[in-house]
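Report on the following structure.
Quick caveat: nothing in here was measured; it's all calculated off a predicted structure.
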Amino acid sequence: MAKRSVSHIGSTLDELLSQDGVLEEVSARAIKRVIAWQLAEAMKTQGVTKTALAARMHTSRSVLDRLLDETDTGLTIETLSRAAQALGYRVKVELAAA
């Protein structure tokens, strides 16, 4: 059976989301989902509870709950950095060309 060539038709997903005016929101949620997952995995691997991590960070459980909430994109770099340090990690942030 011969392979047929598939050409690209239409726009990219980013273009579609941009046209709909939701690209930034969707991107922020995706980034936050990954960050929350990475923190939760580090906690699970180390056997650290939310209460223990909040204590290590010198913060409240509610602040930690917001940090671990995939849908809450309003985190600060300071809070993220404190959580990472409390788990023995560091934060690496980089801008990439669009």
Side-chain angles (χ1 to χ4, degrees):
M1 182 180 236
K3 288 185 179 182
R4 61 179 191 164
S5 174
V6 177
S7 62
H8 178 72
I9 299 173
S11 60
T12 66
L13 178 59
D14 283 355
E15 290 170 346
L16 178 65
L17 294 172
S18 183
Q19 289 171 0
D20 288 347
V22 295
L23 178 61
E24 291 79 17
E25 178 185 345
V26 170
S27 295
R29 282 184 181 233
I31 292 166
K32 179 59 186 296
R33 188 172 186 174
V34 170
I35 290 170
W37 177 81
Q38 288 176 325
L39 289 170
E41 285 297 304
M43 290 171 64
K44 187 174 16 173
T45 299
Q46 296 178 25
V48 176
T49 65
K50 287 181 181 181
T51 302
L53 183 55
R56 289 181 187 182
M57 293 173 59
H58 306 289
T59 194
S60 67
R61 268 283 305 268
S62 61
V63 168
L64 183 58
D65 285 338
R66 285 192 301 272
L67 180 61
L68 295 172
D69 180 352
E70 302 177 345
T71 63
D72 185 348
T73 57
L75 77 134
T76 66
I77 292 175
E78 178 186 3
T79 302
L80 177 57
S81 181
R82 285 194 331 214
Q85 287 180 337
L87 291 166
Y89 290 84
R90 65 181 177 86
V91 175
K92 179 180 175 184
V93 178
E94 122 184 347
L95 297 178

Practice item. Work out which heavy atom in Gln46 is nearest to a heavy atom in Leu87; give both atom names and the distance. Key: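 Looks like NE2-O, 2.8 Å.
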Exercise for review: Heavy atoms only: give me the nearest Ala52-Thr49 pair and the separation to one decimal.
Suggested key: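 Taking Ala52 first and Thr49 second, the nearest heavy atoms are N-OG1, 3.0 Å.
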Please table the atom pairs, donor to acceptor, closer than 3.5 Å between any side-chain atom in residues 54-62 and protein atoms at least two apart or in another chain.
residue	atom	partner	partner atom	Å
Arg56	NH1	Ala86	O	3.0
Ser60	OG	Ser62	OG	3.0
Ser60	OG	Val63	N	3.3
Arg61	NH1	Thr51	OG1	3.4

Identify each donor-acceptor pair in which a side-chain atom of residues 30-39 lies under 3.5 Å from a protein atom, sequence neighbours left out, and give them as a table.
residue	atom	partner	partner atom	Å
Lys32	NZ	Arg66	O	3.0
Lys32	NZ	Leu67	O	3.2
Lys32	NZ	Asp69	O	2.9
Lys32	NZ	Asp72	O	2.5

Check your understanding: Can you hop from Leu75 to Val26 via hydrophobic side chains spaced under 4.5 Å?
Key -> no
Point to revise | Nearest-0.5 Å distance, CD of residue Gln85 to CG of residue Leu80 | key: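 Reported value, rounded in 0.5 Å steps: 10.0 Å.
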